[in-house]
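These notes concern the structure reproduced below.
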2 protein chains.
Amino acid sequence: MADVVEKRLREYFKKNAFRPGDPIPKEMELAEALQVSRNVVREALSRLKMLGMIESKKKRGMILSEPDIFGGFERVLDPLILEQQTLKDLFELRLVLELGLADLIFLRKTDKDIQDLEKIVSKSTNINKTSFKVKNEIAFHGKLYEMTGNHTIMRFQTLLMPIFEYVVAEEEKQGAAYSISRITHIDLLEILKNGSAGQFKEAMRAHLSPHFERLI
Amino acid sequence: MADVVEKRLREYFKKNAFRPGDPIPKEMELAEALQVSRNVVREALSRLKMLGMIESKKKRGMILSEPDIFGGFERVLDPLILEQQTLKDLFELRLVLELGLADLIFLRKTDKDIQDLEKIVSKSTNINKTSFKVKNEIAFHGKLYEMTGNHTIMRFQTLLMPIFEYVVAEEEKQGAAYSISRITHIDLLEILKNGSAGQFKEAMRAHLSPHFERLI
DNA sequence: TTTGTCATTATGTTCTACATAATAAAACGT
DNA sequence: ACGTTTTATTATGTAGAACATAATGACAAA
């Protein structure tokens with residue numbers, strides 16, 4: 001029944017055009033209006049609290065608030081409980097994102113961004129250990145996401161990253177041989193400096209080709 | 001306190017490598033183990049039920065199950081309660097997706113897919129009413145997502161679509177004049193038939209340029 | 001005016017009780 | 001001895017009361 005109440009509450013907020021900051025009725029009133037016990041109402045409210053949709057303070061009551069858009073998503077992103085197919089789908093989703101970033105990046109990149117990337121690339125040249133390589137890889141691609149100036153996309157990619165790495169690790173464990181890309185971070189950076197969005201897309205596709213080879 | 005219990009439960013499942021289908025301890029046992037009342041445990045469990053992480057049947061007890069990966073996301077996607085900036089971020093996110101699809105589409109497209117697209121395009125020629133145009137637009141782009149064979153990406157775009165439309169409608173309401181793209185669905189279809197992924201990316205970028213013009 | 005006390009109010013937490021459904025065990029009749 | 005019915009048990013679902021806690025405001029005293 002908490003299911004129903006939760007849904008009805010959300011519909012109620014939507015129907016009455018509640019906005020973040022607006023106070024919502026107290027638990028007892030809701031319980032009476034919906035003809036359920038306060039207990040059930042609290043279960044439903046607890047769900048919405050998890051999503052960040054409502055906040056509550058003693059005596060002051062509860063207010064609607066802006067939810068954490070990926071809060072629920074984050075809680076559920078566990079490689080152990082998701083199906084293999086879903087994990088692969090998410091792996092591809094991150095690839096798609098990465099390939100689609102070019103135009104946003106070229107729209108918003110700044111000189112400071114280029115300098116940051118140069119620092120990251122310069123560090124990568126004298127690295128041997130695999131764990132450091134992975135960290136450098138993450139730093140470079142993470143910076144690309146940051147350059148879009150889109151906080152939501154960046155958060156999304158941060159959440160997707162562990163899944164991506166998990167899928168790669170699983171495939172390697174099963175004997176997948178990843179070829180080394182002919183396009184390096186240095187090449188990508190060069191295009192960011194002097195090239196076009198179109199060239200960047202092509203280069204990024206080539207850079208990620210080892211992953212694409214394993215898709216089909 | 002439901003917050004804490006919910007987190008501890010998830011950690012408990014993860015630590016003990018619980019998999020979908022595994023039975024989990026009963027409410028009373030959890031309550032005792034965590035030193036809280038059964039009520040608090042039920043609030044936490046109710047949250048996880050919302051995410052689809054657990055299912056419960058009377059007497060049989062509760063089992064862990066595969067969560068709905070976008071369940072929480074879906075509940076929160078209301079234009080009225082999200083910040084303007086977040087809405088714009090999501091608008092861009094969908095643009096990025098659309099631009100990144102090309103390689104997956106060319107990897108997996110079938111003759112049947114092309115036929116389906118041709119049907120959709122042929123219907124669009126003799127349409128005047130705006131509402132039908134929008135529906136046709138959705139059908140065409142939705143089909144593109146479907147062609148990736150990636151159910152997760154498709155679901156994600158379905159969720160994002162209403163937000164995308166909301167943002168477009170809001171901008172038009174504020175006097176934004178959308179120029180008409182020089183690349184039509186017909187052009188895109190032609191490239192799908194006889195062109196390359198690279199050409200498709202370029203064409204899609206041009207097709208979406210009216211949206212990009214409003215970004216900066 | 002300031003401070004202190006007290007009543008009030010709404011959420012947070014616990015406990016008890018009972019309903020409900022599914023399962024197992026026991027009792028019963030033929 | 002077999003199958004059917006009844007009964008008991010168990011775990012979740014729902015309700016309600018009780019008390020704790022914290023924030024607020026009102027009133028009174030210094």
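Keep in mind that the numbers below use all heavy atoms, side chains included, and drop hydrogens, waters and symmetry copies. Below, read A as the first sequence line, B as the second, and so on, with proteins coming before strands; counting in each chain starts at 1.
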Exercise for the section: Could you tell me which residues satisfy side-chain contact (heavy atoms from CB on, under 4.5 Å) with B:Glu11, sequence neighbours excluded, listed by chain and number? Expected result: B:Lys7, B:Arg8
Handout entry: Flag for B:Asp113-B:Thr110: side-chain donor and acceptor within less than 3.5 Å
Key = yes
Exercise for the section: Give me the ring orientation class for A:His185 and A:Phe140: parallel if the planes are under 30° apart, tilted from 30 to 60°, perpendicular past 60°. Expected result: parallel
Practice task
Do nucleotides 7-15 of chain C as a string where each nucleotide becomes B, S or -: B if the base has a protein heavy atom under 4.0 Å, S if just the sugar-phosphate does, - if no protein is that close.
Solution key: -BBBBBBBB
Problem - Partner set under salt bridge (Lys or Arg N to Asp or Glu O under 4.0 Å) for B:Glu55, not counting sequence neighbours - result: none
Problem - Lys/Arg N to Asp/Glu carboxylate O, A:Glu6 vs B:Lys49, below 4.0 Å - result: no
Handout entry: B:Ile54 CD1 to D:dG13 C1', straight-line distance once rounded to whole Å
Key = 14 Å
